[in-house]
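We use all heavy atoms of the structure for the numbers below, so side chains are in, but hydrogens, waters and symmetry mates are not. Note that the numbering runs from 1 along the sequence shown for the chain.
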Amino acid sequence: MSNSEIVEVLELTAKLLELHNADPFKIKGYSVAAFYLDKYKESELQFMTEQELTKLQGVGKSTATKIAQIAKTGTFPELEELIANTPLGVMEMFNIKGIGPKKIAVLWQELGIDNLHELELACLNGTVAKVKGFGANTQQKILDSLAFLKDQAGKLRMDKAEVAANSIINELKKTFDQVEAAGEIRRKSEVVETIRILVGTDSPALLQNTIGSIGLLVQDEKKSSPFVWRGNIQDVAVAIEIVAVKPERLVNELFLETAGEDHLGLAGTSGNTIWRHAYYETADTEHAIYEKAGLPYIVPEMREGAGELAWAETHTPDQLVTWDDLRGILHNHSTYSDGQHTLEQMALYCRELGFEYLGIADHSQTATYAQGLKVEDVERQHEEIARLNARFASENPSKPFKILKGIESDILGDGSLDYPADVLASFDYIVASVHSNLSMTLEKATARLLKAIENPYTTILGHPTGRLLLSREGYPIEHQVIIDACAANGVVIEINASPWRLDLDWRWIAYCMEKGVMLSINPDAHAMEGYLDMHYGVANARKGGLTKDMTFNALSLGQMEEYLRGRISKMG
């Protein structure tokens, strides 16, 4: 089992114990272990002995024994007993935002509610609001969360969908030469509802037999046909379609099965829609399809019908940002706060990947849950940065690498940042982010961000809506107002590249560019491997049409230092 899967089992155990009113110390043991192991990526937990596990922070001897059992079997006896004594519908309530195991226990034991449908009905008729400790506000939050869960059902985040798609593609390529991901996977959608795969073959029967030999795939026979296999991966609800395509039609079908409906409906100078050209005229390349329609070539990521032709009037595909254009990374965490690798390790790996600078932006003092930096910690970190930078300069004077002094400063409830001005002034740059009190009205959230943007020390607005894809809706903000304010105050907006976030949403990138607001693609890395999440950020940025010249961390080290010095001089 992967580290994350082991952590999920520990978290589930803690929730079930609390649900059943178990010993608080036992609950805390599992919760603490899950908290620390969730951020642990130094090595695979499944290969560690019990003795090695006990040396990890937050892991006691008893918990280490359980982890070893989980690694081998995926479970352990105590968890199995808890699951056997808990209705599945009650366990599904753990996904509802705003209520924890104790409130779920009340709903189950006092109201007899043991599934989501009954819970929704009890909220709609006002029963839940009358229960002590709930009230109308909690009842409405439950209804909102249930609606969100319904909307997200059967979907996967980009990263998980790609893994699933690639596992199927790799199996199919053992038999077929032409296998391509299409649809939302190829368009780099942040959330995927259907994994669509095309296979070039003259034998649909061979394809069906081959799919049947892939053990994890479960067919929906009613929805399938001889030419289209439909179903899902075992225990994963997202829909999967595997389509048999004649090899000579693969280019056309790949185009048709990739582009969004609105893009296919675009009409070119030929007078016909691009769909008509792609459907009726066999093409050797996708470029040829656009040429026949009299339209400029649009990269697969942008084929949404969301203004890509207007973008193409002033831009060309080669201007879109790529991984190779990035020169540094500006939102990362180390062991100074809640990261898993030291500052030195984070810097060395960043340099190894070919970047010119690492912006370290550990959590600030208000973020006690993430071991945020007190003022004395800031001073200690800055001293280490100075030592490391001196070392890096001496090691390779001709190719400098530098650590930039940043911080992810919490935006407090009133919009202020959580250090005094003299401490903020000690950093090279500030990433300002909201992490607490996320239940805000549109007016409150917008006003909170506006005050932070207007703070002269704010350099980058971090993950602007705080969303967690398929898990938590972002707080509502007036995007145009926020972007306009960033333009007026020279503040960069982050595209948080974590596949959990991808925030700023790609749909607002065009407006940022129109207003002259630069965007910074940052991984929010809590470990060295987290840097690679920037591939998702780049995909998201390209989908929105972000060009290299509007990408903040495409600036070279010299350009970045000049930019940051300019901001400081304006404040002075």
S.K.: Who passes ring pair (Phe, Tyr, Trp, His ring centres under 6.0 Å) against Phe401, sequence neighbours left out?
M.R.: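 Only Phe392 meet the ring pair (Phe, Tyr, Trp, His ring centres under 6.0 Å) criterion with Phe401.
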
S.K.: How about Thr366 and Asp418: does a side-chain donor come under 3.5 Å of a side-chain acceptor?
M.R.: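 Checked: Thr366/Asp418 side chains pair up, N/O donor to acceptor below 3.5 Å.
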
S.K.: State the CD1-CD1 distance between Ile197 and Ile211, to the nearest 0.5 angstrom.
M.R.: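 Interatomic distance, Ile197 CD1 to Ile211 CD1, rounded to 0.5 Å: 8.5 Å.
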
S.K.: Spell out, as yes or no, whether a donor-acceptor pair under 3.5 Å connects the side chain of Arg472 to the backbone of Lys97.
M.R.: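 Such a contact is absent between Arg472 side chain and Lys97 backbone.
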
S.K.: Pairing donors with acceptors under 3.5 angstrom, does anything connect the side chains of Ser520 and Asn522?
M.R.: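 Short answer, yes.
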
S.K.: Using every non-hydrogen atom in the two residues, find where Gly328 and Phe355 come nearest and quote the distance to one decimal.
M.R.: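 In terms of heavy atoms, the two residues are closest at N-CD2, 3.7 Å.
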
S.K.: On a heavy-atom basis, which atom in Ile493 and which in Ile460 lie closest, and how many Å separate them?
M.R.: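 Looks like C-CG2, 4.4 Å.
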
S.K.: Mark yes or no for whether Glu241, through its side chain, and Arg230, through its backbone, hold a donor-acceptor pair below 3.5 Å.
M.R.: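 Looks like no, no N/O pair under 3.5 Å.
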
S.K.: Please say whether more than 12 non-hydrogen atoms of neighbouring residues, nucleotides or ligands are located less than 6.0 Å from CD in Glu562.
M.R.: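 Not more than 12 within 6.0 Å, no.
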
S.K.: Quick one: CG on Leu309 to CD on Glu313, what's the gap to the nearest 0.5 Å?
M.R.: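 Rounded to the nearest 0.5 Å, the CG-CD separation comes out at 7.5 Å.
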
S.K.: Just one of Met158, Arg157, Arg501 clears the side-chain contact (heavy atoms from CB on, under 4.5 Å) bar with Leu469, so which one?
M.R.: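 Of the listed residues Met158, Arg157, Arg501, the side-chain contact (heavy atoms from CB on, under 4.5 Å) partner of Leu469 is Arg157.
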
S.K.: Using only atom types and a distance under 3.5 Å, with no angle test, would you say the side chain of Ser145 pairs donor to acceptor with the backbone of Lys141?
M.R.: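 No, Ser145 side chain to Lys141 backbone: no donor-acceptor pair under 3.5 Å.
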
S.K.: Evaluate Tyr511 against Trp311 for ring pair (Phe, Tyr, Trp, His ring centres under 6.0 Å), listing each step before the verdict.
M.R.: CA-CA 11 Å; Tyr511 189 73; Trp311 180 92; over 10 Å; no

S.K.: Count the heavy atoms of every other residue, nucleotide or ligand shown that sit under 6.0 Å from CD of Glu261, and state whether that count exceeds 12.
M.R.: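 It does not: Glu261 CD has 12 such atoms or fewer within range.
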
S.K.: Kindly say whether Val491 contributes a backbone atom to a donor-acceptor pair with the side chain of Asn489 at under 3.5 angstrom?
M.R.: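 Looks like no, no N/O pair under 3.5 Å.
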
S.K.: With respect to Ile403, which candidate in Asp428, Leu343, Asn332 satisfies the side-chain contact (heavy atoms from CB on, under 4.5 Å) definition?
M.R.: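 The single option meeting the side-chain contact (heavy atoms from CB on, under 4.5 Å) with Ile403 is Leu343.
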
S.K.: Where the side chain of His526 meets the backbone of Asp524, is there a donor-acceptor pair that is under 3.5 Å apart?
M.R.: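 Confirmed, His526 side chain pairs with Asp524 backbone.
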
S.K.: Test side chain to side chain contact (heavy atoms under 4.5 Å, CB included) on Asp505 and Glu190 and set out the steps.
M.R.: CA-CA 9 Å; Asp505 189 288; Glu190 65 270 39; 3.7 Å; yes

S.K.: Taking all non-hydrogen atoms of both residues into account, name the closest pair between Ser409 and Leu417 and its distance.
M.R.: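 Shortest heavy-atom separation between Ser409 and Leu417 comes out as OG-CB, 3.5 Å.
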
S.K.: Using a strict 4.0 Å threshold on nitrogen-to-oxygen distance, state whether Glu253 and Arg196 make a salt bridge.
M.R.: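 Salt bridge: no.
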
S.K.: Is Asp220 close to Asn232 at the side-chain level, that is, under 4.5 Å between some pair of heavy atoms?
M.R.: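 Side-chain contact under 4.5 Å: no.
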
S.K.: Between His315 and Thr547, does any side-chain donor sit less than 3.5 Å from a side-chain acceptor?
M.R.: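 On atom types as modelled, these side chains do not qualify, holding no pair under 3.5 Å.
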
S.K.: Identify the heavy atoms of Phe427 and Ile430 that sit nearest to each other, and give their distance.
M.R.: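 Where Phe427 meets Ile430 most closely, the heavy atoms are CD1-CD1, 3.7 Å.
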
S.K.: For atom CG of Asn170, decide whether the heavy atoms of other residues, nucleotides or ligands shown that lie under 6.0 angstrom number more than 12.
M.R.: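 Count over threshold, so yes.
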
S.K.: Do Glu171 and Leu217 pass the side chain to side chain contact (heavy atoms under 4.5 Å, CB included) test, and can you show the C-alpha distance, the side-chain angles, and the key distance before you say yes or no?
M.R.: CA-CA 11 Å; Glu171 288 296 318; Leu217 293 179; over 6 Å; no

S.K.: Does one side chain, of Asp362 or Ser334, offer a donor that lies under 3.5 Å from an acceptor on the other?
M.R.: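 Judged by distance alone, the side chains do pair up.
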
S.K.: To the closest 0.5 Å, what do you measure between CD1 (Ile96) and CZ (Phe148)?
M.R.: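 If we round to the nearest 0.5 Å, Ile96:CD1 and Phe148:CZ are 13.0 Å apart.
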
S.K.: Is there a donor in the side chain of Asp318 and an acceptor in the side chain of Thr316, or the other way round, less than 3.5 Å apart?
M.R.: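 Thr316 and Asp318 do have a side-chain donor-acceptor pair below 3.5 Å.
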
S.K.: Can you tell me if Glu478 uses its side chain to pair, donor with acceptor, with the backbone of Leu442 under 3.5 Å?
M.R.: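 Checked: no pair found.
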
S.K.: Where does the angle between the aromatic ring planes of His363 and His333 fall among parallel (under 30°), tilted (30 to 60°) and perpendicular (over 60°)?
M.R.: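 Taking His333 first and then His363, their aromatic rings lie parallel (interplane angle under 30°).
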
S.K.: Students often mix this up, so state it plainly: with edges at 30° and 60°, are the rings of Tyr563 and Phe552 parallel, tilted or perpendicular?
M.R.: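 Because their plane-to-plane angle is over 60°, the rings of Tyr563 and Phe552 count as perpendicular.
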
S.K.: For Thr322, is there any backbone N or O sitting under 3.5 Å from a side-chain donor or acceptor partner on Asp325?
M.R.: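 Between the backbone of Thr322 and the side chain of Asp325 there is a qualifying donor-acceptor contact (under 3.5 Å).
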
S.K.: For Lys188 and Tyr536, what are the C-alpha separation, side-chain angles and deciding distance, and is it a side chain to side chain contact (heavy atoms under 4.5 Å, CB included)?
M.R.: CA-CA 8 Å; Lys188 303 296 182 183; Tyr536 301 116; over 6 Å; no

S.K.: Just how far is it from atom CG of Leu519 to atom CD1 of Ile495, taken to the nearest 0.5 Å?
M.R.: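 Answer for the CG-CD1 pair, Leu519 versus Ile495, is 4.5 Å.
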
S.K.: Using every non-hydrogen atom in the two residues, find where Val538 and Ile521 come nearest and quote the distance to one decimal.
M.R.: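 Reported closest heavy-atom pair: N-CG2, 4.0 Å.
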
S.K.: Is there side-chain contact between Asp549 and Gln319, with at least one heavy-atom pair below 4.5 Å?
M.R.: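 No, side chains not in contact.
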
S.K.: To the nearest 0.5 Å, tell me how far Met560 CE sits from Asn553 CG.
M.R.: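 Rounded to the nearest 0.5 Å, the CE-CG separation comes out at 6.5 Å.
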
S.K.: Got Arg327 and Gln559 here, is their nearest side-chain heavy-atom distance under 4.5 Å?
M.R.: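 Answer no - side chains too far apart.
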
S.K.: Any side-chain heavy-atom pair from Thr459 and Leu564 closer than 4.5 angstrom?
M.R.: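 Contact flag for Thr459/Leu564 side chains = yes.
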
S.K.: State, yes or no, whether a side-chain contact exists between Thr210 and Leu172 at a heavy-atom distance under 4.5 Å.
M.R.: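 They are in contact (side-chain heavy atoms under 4.5 Å apart), so the answer is yes.
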
S.K.: Looking only at heavy atoms, what is the nearest atom pair of Ile274 and Ala293, with distance?
M.R.: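 So the two residues come closest at CG1-CB, 4.2 Å.
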
S.K.: Would you indicate whether Lys292, at its atom NZ, is surrounded by more than 12 heavy atoms from other residues, nucleotides or ligands within a distance under 6.0 Å?
M.R.: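 Buried by this count: over 12 neighbours within 6.0 Å.
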
S.K.: Do the side chains of Ile453 and Thr458 get nearer than 4.5 Å, heavy atoms only?
M.R.: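 No - every pair of side-chain heavy atoms lies 4.5 Å or more apart.
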
S.K.: Is the side chain of Ser364 donor-acceptor paired with the backbone N or O of Glu408 at a distance under 3.5 Å, no angle test?
M.R.: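 Looks like yes, one N/O pair under 3.5 Å.
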
S.K.: Going from OH on Tyr531 to CD on Glu529, what distance comes out if it is rounded to the nearest 0.5 angstrom?
M.R.: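 If I round to the nearest 0.5 Å, the distance is 10.0 Å.
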
S.K.: Dump the intermediate steps for side-chain hydrogen bond (donor to acceptor under 3.5 Å, both in side chains) on Ser270 and Asn272, then the final yes or no.
M.R.: CA-CA 5 Å; Ser270 66; Asn272 293 320; 4.5 Å; no

S.K.: Distance-only, no hydrogens or angles: does the Ser189 side chain make a donor-acceptor pair with backbone N or O of Val192 under 3.5 Å?
M.R.: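 No.
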
S.K.: Kindly state each residue pair satisfying side-chain hydrogen bond (donor to acceptor under 3.5 Å, both in side chains) with at least one member in residues 293-310, sequence neighbours excluded.
M.R.: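 Pairs touching residues 293-310 that pass the test: Arg187-Glu304, His263-Glu308, Glu286-Arg303, Tyr290-Arg303, Tyr297-Arg303, Glu301-Arg542, Glu304-Lys543.
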
S.K.: Judged by atom type as modelled, is there a donor-acceptor pair below 3.5 Å linking the side chain of Asp503 to the main-chain atoms of Thr465?
M.R.: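 Flag set: sc Asp503 to bb Thr465 pair under 3.5 Å.
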
S.K.: Trp229 and side-chain contact (heavy atoms from CB on, under 4.5 Å): which single residue from Leu207, Val199, Ile240 fits?
M.R.: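 Considering Leu207, Val199, Ile240, a side-chain contact (heavy atoms from CB on, under 4.5 Å) with Trp229 is found only for Ile240.
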
S.K.: Working note: Leu504 + His479, criterion side chain to side chain contact (heavy atoms under 4.5 Å, CB included); need CA distance, chi angles, decisive distance, verdict.
M.R.: CA-CA 10 Å; Leu504 182 75; His479 278 83; 3.9 Å; yes

S.K.: Among residues two or more places apart or on two chains, list those pairs meeting side-chain hydrogen bond (donor to acceptor under 3.5 Å, both in side chains) that have a residue in residues 347-361.
M.R.: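 The answer is Arg351-Glu395.
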
